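Computed from a predicted structure; not experimentally measured. Reminder, nothing fancy here: chain letters follow the sequence lines and each chain counts from 1.
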There are 2 protein chains.
Amino acid sequence: MPDTASTRDRILVAYEDLLIEAGERGATLDAVAARAGVSKGGLLYHFGSKDALSAGLVERLQHLTGLDVRKMRAAPAGPVDYLIRTSIDSGSALDRSLVATSRLAQADDPRASEALAAIRGEWLAVITESIGDPAVARAIMLVSDGLYFNSAMLGMGTPDPADVSAEAIDGLLTVLARLTPPSAHD
Amino acid sequence: MPDTASTRDRILVAYEDLLIEAGERGATLDAVAARAGVSKGGLLYHFGSKDALSAGLVERLQHLTGLDVRKMRAAPAGPVDYLIRTSIDSGSALDRSLVATSRLAQADDPRASEALAAIRGEWLAVITESIGDPAVARAIMLVSDGLYFNSAMLGMGTPDPADVSAEAIDGLLTVLARLTPPSAHD
DNA sequence: GTCTATAGTTGGATAGAC
DNA sequence: GTCTATCCAACTATAGAC
């Protein structure tokens with residue numbers, strides 16, 4: 001897949017945006033086409049059906065996640081710091097892709113649910129590897145899930161359900177550090 | 001509102017069920033009516049519009065949450081234990097109401113978003129009151145959010161994204177106990 | 001590749017019989 | 001209170017011109 005980053009990509013981005021802003025019901029082919037600047041017929045040339053459009057979205061997420069996991073492994077401050085700091089919605093391509101796919105999962109799309117579960121599994125594996133203790137890794141992963149849930153799922157219409165300011169995240173990381181004492185021996 | 005717990009209630013439950021199982025798009029008036037065992041016309045006698053139906057759902061959630069917060073305050077093992085243990089989807093009326101309302105929130109319904117944020121605020125207040133340290137309370141609340149996100153949002157089509165077995169929850173509570181040392185003095 | 005036109009369905013909501 | 005019949009708008013998808 002060399003450089004077809006034109007109409008096809010614009011359509012995918014438009015679909016993501018609409019899923020995020022208006023939910024599955026608002027993300028109609030008409031709306032997506034209008035937002036991408038093509039006609040409905042033009043859209044359906046690239047994606048033969050709405051289902052194909054959703055499949056394209058999930059693929060995109062998988063690609064972006066692959067890149068993210070590599071960055072997480074190489075993060076200077078460690079995977080936990082990276083995970084927590086990137087668990088708030090910063091508007092990155094990955095964030096948008098993740099939220100859009102969550103909307104699909106909640107619309108009963110099995111591909112989306114499976115992809116999300118697989119991605120979570122990858123992240124958890126990296127954290128567990130880095131932390132050692134699986135129980136602690138699970139707790140940290142859940143905090144990350146919670147941040148995402150608040151920032152991306154609830155925080156659309158409401159002002160700051162959980163506090164996700166930079167200082168709040170610093171404080172959170174300090175608190176979480178207590179979970180992993182330098183040396184522990186039951 | 002004395003005892004009108006008949007058709008009106010059945011309709012509300014049917015709407016919840018369909019939102020959970022099929023998402024907002026699947027929860028059509030036709031589908032809700034069929035599931036509740038009435039005709040579309042019959043449904044619309046009780047709720048004049050789809051919007052009114054959604055409003056009824058949010059009201060129901062607010063009522064159920066009121067009861068839950070009181071139980072949380074009176075929980076024998078304390079609010080934190082109560083919160084974490086009830087953050088996995090047990091199929092209770094409150095769980096179902098919460099998940100259904102989340103679907104609405106993601107379909108861009110401001111009432112639903114506001115109600116969910118308010119509820120989270122109530123829970124956080126009780127935990128903060130009980131724990132003392134606001135930063136620790138926030139971390140615990142985020143773990144609860146994470147559990148809910150996995151159990152209710154992702155765990156519909158996929159087997160157990162996060163482990164929510166009884167033993168896993170016990171282990172999680174043990175880990176979280178490290179966040180609140182008996183005496184702390186920064 | 002992209003468009004317009006249109007077919008076929010299903011959505012929410014109203015009217016009026018029972 | 002509950003039903004059937006019906007209206008109109010919106011949705012997905014196809015056909016065929018350019």
Worksheet item: Should the pair A:R73-A:D68 be classified as a salt bridge under the 4.0 Å nitrogen-to-oxygen rule?
Response: no
Fill in: Phosphate OP1/OP2 of D:dT2 contacted by B:R8 side-chain N/O (<4.0 Å)
no
Worksheet item: Please give, in whole Å, the distance from D:dT12 P to A:D51 CG?
Response: 12 Å
Fill in: Candidate nucleotides D:dT2, D:dT12, C:dT2, ranked by approach to the side chain of A:H46 - the nearest
C:dT2
Worksheet entry | Nearest-Å distance for atom pair CG/P, residues A:L43 and D:dT12 | 10 Å
Discussion item. Which nucleotide wins on minimum distance to the side chain of B:L29, given the candidates C:dG11, C:dA13, D:dC11?
Written reply: C:dA13
Worksheet entry | Sidechain N-carboxylate O distance under 4.0 Å for B:D51, B:R111 | yes
Worksheet item: Any idea which heavy atoms bring A:R103 and A:L19 closest together, and the distance?
Response: NE-O, 3.1 Å
Item to complete: Look at all strands and tell whether B:D30 reaches a base, only sugar-phosphate, or nothing, counting heavy atoms closer than 4.0 Å.
Response: sugar-phosphate
Discussion item. I want to verify a distance call: between C:dT2, D:dA13, C:dG12, whose nearest atom is closest to the A:L44 side chain?
Written reply: D:dA13
Worksheet item: To the nearest angstrom, how far is B:L53 atom CG from C:dA13 atom C1'?
Response: 14 Å
Worksheet item: Do B:Y148 and A:D145 have side-chain N/O donor and acceptor atoms under 3.5 Å apart?
Response: no
Worksheet item: Counting side-chain heavy atoms from CB outward, which of C:dC3, C:dT2, C:dG11 is closest to A:T7?
Response: C:dT2
Worksheet item: D:dA13 C1' sits how many Å from A:F47 CZ, rounded?
Response: 16 Å
Fill in: Side chain B:K50 and base C:dG11 donor-acceptor under 3.5 Å
no
Fill in: Between C:dT2 (C1') and A:K40 (NZ): distance, integer Å
15 Å
Worksheet item: Would you say B:S49 reaches C:dG12's phosphate, i.e. side-chain N/O to OP1/OP2 under 4.0 Å?
Response: no
Practice prompt. Could you say whether B:G37 or A:G48 is positioned toward the 5' end of DNA chain D, judged by the nucleotide with the nearest heavy atom to each?
Written response: B:G37
Worksheet, complete the sentence: Taken to the nearest 0.5 Å, the spacing of A:R60 CZ from A:R96 CZ works out to 6.5 Å
Discussion item. So, does B:Y45 get its side chain near the phosphate of D:dT2, meaning an N or O under 4.0 Å from OP1 or OP2?
Written reply: no
Discussion item. Classify A:T28 by what it touches in the nucleic acid, base, sugar-phosphate, or nothing, heavy-atom distance under 4.0 Å.
Written reply: sugar-phosphate
Worksheet entry | side-chain N/O A:R10 vs C:dG1 OP1/OP2, d < 4.0 Å | no
